[in-house]
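Order of the sequence lines sets the chain letters (A, B, ...), proteins ahead of strands, with each chain counted from 1. Computation of the quantities below employed the complete heavy-atom set of this structure, encompassing side-chain atoms and omitting hydrogens, waters and symmetry-equivalent molecules. Just so it is clear, the structure is predicted and the values come from calculations on it, not from any experiment.
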Protein chains: 2
Amino acid sequence: MAKRVTTKEKILNAAEALFAEHGFEQTSLRQITADADVNLASVNYHFGSKKALIQAVMARYLEVLMPALEQELVALQARNKISTRDVFDCFRKPLAQLREVRKHGPTLFLSLLGFAYAEIQGHLRRYTMDHFGHVIEHLLAALHQANPQLSPVDMFWRLHFVLGATVFAQVSGPALREIAAADFGETIAADQMIDRLIPFLAGGVDASAA
Amino acid sequence: MAKRVTTKEKILNAAEALFAEHGFEQTSLRQITADADVNLASVNYHFGSKKALIQAVMARYLEVLMPALEQELVALQARNKISTRDVFDCFRKPLAQLREVRKHGPTLFLSLLGFAYAEIQGHLRRYTMDHFGHVIEHLLAALHQANPQLSPVDMFWRLHFVLGATVFAQVSGPALREIAAADFGETIAADQMIDRLIPFLAGGVDASAA
DNA sequence: AGCCATTTTAAACATGCGTTTCAATTTAAT
DNA sequence: ATTAAATTGAAACGCATGTTTAAAATGGCT
């Protein structure tokens, strides 16, 4: 017997797909409820507001990703010698694990993350920092361990450059893959992009300071 | 005698400041015309539509930047041996030159570029490619010259990672500088960020492929 | 000065948005 | 079966948006 899909779940699923494709602000509750085949008012009934819905969509992924990432980072930091590449490789398994919460979880989540940052929505940043700030601490510590020659402020900036390249690549991913396919005849799956990305990021972080 | 500032210029100036701070979609014509101290309808009178205004704002910078960048790249390509760092350094002078069109031109332009990409607006991408596509060709050629070991498709992706890190860093620049100042007590001017960025980008592009 | 094209103004228009309301319906417990 | 609570439904509210309209004002030219 198939488990009945609740209205709340139908809303979350439709919302995340639309958010990942068009961004948060540019997706209306009417689009979401039409796709989910539920009543418009049910969003406010079940979530209270659009802002709360956005948070709920993100939370579904963050609550899976962050503990897994923390575990990887703690294990890595126990080792003696670690490289930048090691640190970024810590993201692979937790990201892949998002496939369990949703079929295209990794891709969806990174797109959502991209839009969350592009539209600077304070409530999302605050939510992330309040709930998972300690994971970011671990990440910074691991990166410092891998690159003790870099000052904390240097590392701070490079980490955000990393984030920028990642989320941007993800958000414009569909368009870019289309162009790449047209220009190079090479079709690149969304999952393969991270294989191209990680060497780039590690090379950037490892570069000697100016 | 001071030259009179036309309505058209007042609109462009107010629009670019608001666009650079809040993005295109999130800036209303009413905000723009209020800041510019002109009538609401004058935007549609002088530019025809909001889309056309956005293009006009970007064009003011692109028409200065692109020819200068092309010149730098052509000069660089004439040399025998060039590095990735050389290629990115080609952006320094043309970007700095934007200070002549407007006081904080370089910062403003990069913010605008960031929002233009974040909000995937086809009409801007098409405009850029139609008018300045040959400059992009030069950039790709110079990067290939500096990194002949990288395949074209590898270079394609890395160049977009570069773009992603740049525009993202610029868009979230104000917020990030604020955090950096609070956490490290170090105030970083917008212009200094590019000095932190370029080594990162060159390191990423130069990294050996996976 | 008088005229005509250009520009500015105030108001309204049409549309889409998030949210709220309240009655109808379904669900679950007694 | 009855009752109370939870959920769904259709409609409206209030507001903000880009755009259009048509009258008023302005500026240059003969």
Side-chain angles (χ1 to χ4, degrees), chain A residues 1-59 112 115-116 118-124 127, chain B residues 1-59 112 115-116 118-124 127:
Chain A
M1 59 167 248
K3 202 185 69 183
R4 158 168 151 63
V5 182
T6 67
T7 299
K8 209 167 173 175
E9 285 169 334
K10 286 202 282 185
I11 292 172
L12 282 172
N13 294 341
E16 81 168 3
L18 288 166
F19 285 158
E21 192 171 359
H22 304 113
F24 299 105
E25 306 257 1
Q26 316 224 29
T27 300
S28 72
L29 294 184
R30 282 169 175 83
Q31 289 176 259
I32 293 170
T33 52
D35 274 30
D37 200 33
V38 300
N39 189 271
L40 168 63
S42 56
V43 170
N44 287 72
Y45 176 77
H46 285 287
F47 297 95
S49 68
K50 185 181 179 182
K51 267 172 114 170
L53 172 62
I54 293 172
Q55 269 189 216
V57 166
M58 295 302 289
L112 292 171
F115 281 115
E119 312 169 9
I120 316 250
Q121 282 178 298
H123 71 283
L124 248 183
Y127 170 87
Chain B
M1 62 170 251
K3 202 184 71 181
R4 158 168 153 64
V5 182
T6 66
T7 298
K8 208 166 173 177
E9 285 168 335
K10 286 202 282 185
I11 293 172
L12 282 172
N13 294 343
E16 80 168 3
L18 288 166
F19 285 157
E21 192 171 359
H22 304 112
F24 299 105
E25 306 258 1
Q26 316 223 27
T27 301
S28 70
L29 293 184
R30 282 170 175 81
Q31 289 176 259
I32 293 170
T33 51
D35 275 30
D37 200 34
V38 301
N39 188 272
L40 168 62
S42 56
V43 169
N44 284 296
Y45 176 77
H46 285 287
F47 297 94
S49 70
K50 186 181 179 181
K51 267 172 113 173
L53 172 62
I54 292 173
Q55 271 189 218
V57 166
M58 295 302 290
L112 293 171
F115 281 115
E119 312 168 8
I120 316 248
Q121 282 177 297
H123 71 285
L124 248 182
Y127 171 86

Taking all atoms of both residues into account, what is the closest heavy-atom pair of A:Leu53 and A:Ile11, and its distance?
CD1-CG2, 3.9 Å

Heavy-atom pair with the smallest gap, counting every atom of B:Lys50 and B:Glu25
NZ-O, 3.7 Å

A:Asn39, nearest nucleotide to its side chain (from D:dG9, C:dG18, D:dT17)
D:dG9

Nearest to the B:Lys50 side chain among D:dA6, C:dT19, D:dT19, which nucleotide is it?
D:dT19

Rounding to 0.5 Å, atoms OG (B:Ser28) and CD1 (B:Ile32) come to a distance of 7.0 Å

Roughly how far, to the nearest 0.5 Å, is CZ of A:Phe47 from NZ of A:Lys8?
5.5 Å

How are the rings of A:Phe24 and A:Phe19 set relative to one another: parallel (under 30°), tilted (30 to 60°) or perpendicular (over 60°)?
tilted

[N] [atom2] sits how many Å from [X] [atom1], rounded?
X	N	atom1	atom2	result
B:Leu29	C:dT9	CG	P	16 Å
B:Asn44	C:dA10	CG	P	17 Å
B:Arg30	C:dA12	CZ	C1'	11 Å
B:His22	D:dA16	NE2	P	16 Å
A:Ile32	C:dG16	CD1	P	17 Å
B:Ile11	D:dG18	CD1	P	13 Å
B:Glu25	C:dG16	CD	P	15 Å
B:Phe47	C:dT8	CZ	C1'	15 Å

How is B:Thr33 classified with respect to the nucleic acid when contacts are heavy atoms under 4.0 Å: base, sugar-phosphate, or nothing?
nothing

Which is true for B:Thr6 with a 4.0 Å heavy-atom rule: it touches a base, it touches only sugar-phosphate, or it touches nothing?
nothing

Report yes if some heavy atom in the side chain of A:Val57 is under 4.5 Å from a heavy atom in the side chain of A:Leu12; otherwise report no.
yes

Between A:Gln31 and A:Gly48, name the one whose nearest nucleotide on DNA chain C is closer to the 5' end.
A:Gln31

Under-4.0 Å side-chain N/O to phosphate OP1/OP2 contact, [X] with [N]:
X	N	answer
A:His46	D:dT8	yes
B:Thr7	C:dT8	yes
B:Ser28	D:dA16	no

Close N/O contacts between protein and nucleotides 21-25 of chain C (under 3.5 Å):
none

Residues which pass side chain to side chain donor-acceptor pair (under 3.5 Å) with A:Thr6, listed by chain and number, not counting sequence neighbours
A:Glu9

Taking for A:Tyr45 and for A:Leu40 the nucleotide of DNA chain D with the nearest heavy atom, the one nearer the 5' end belongs to A:Tyr45

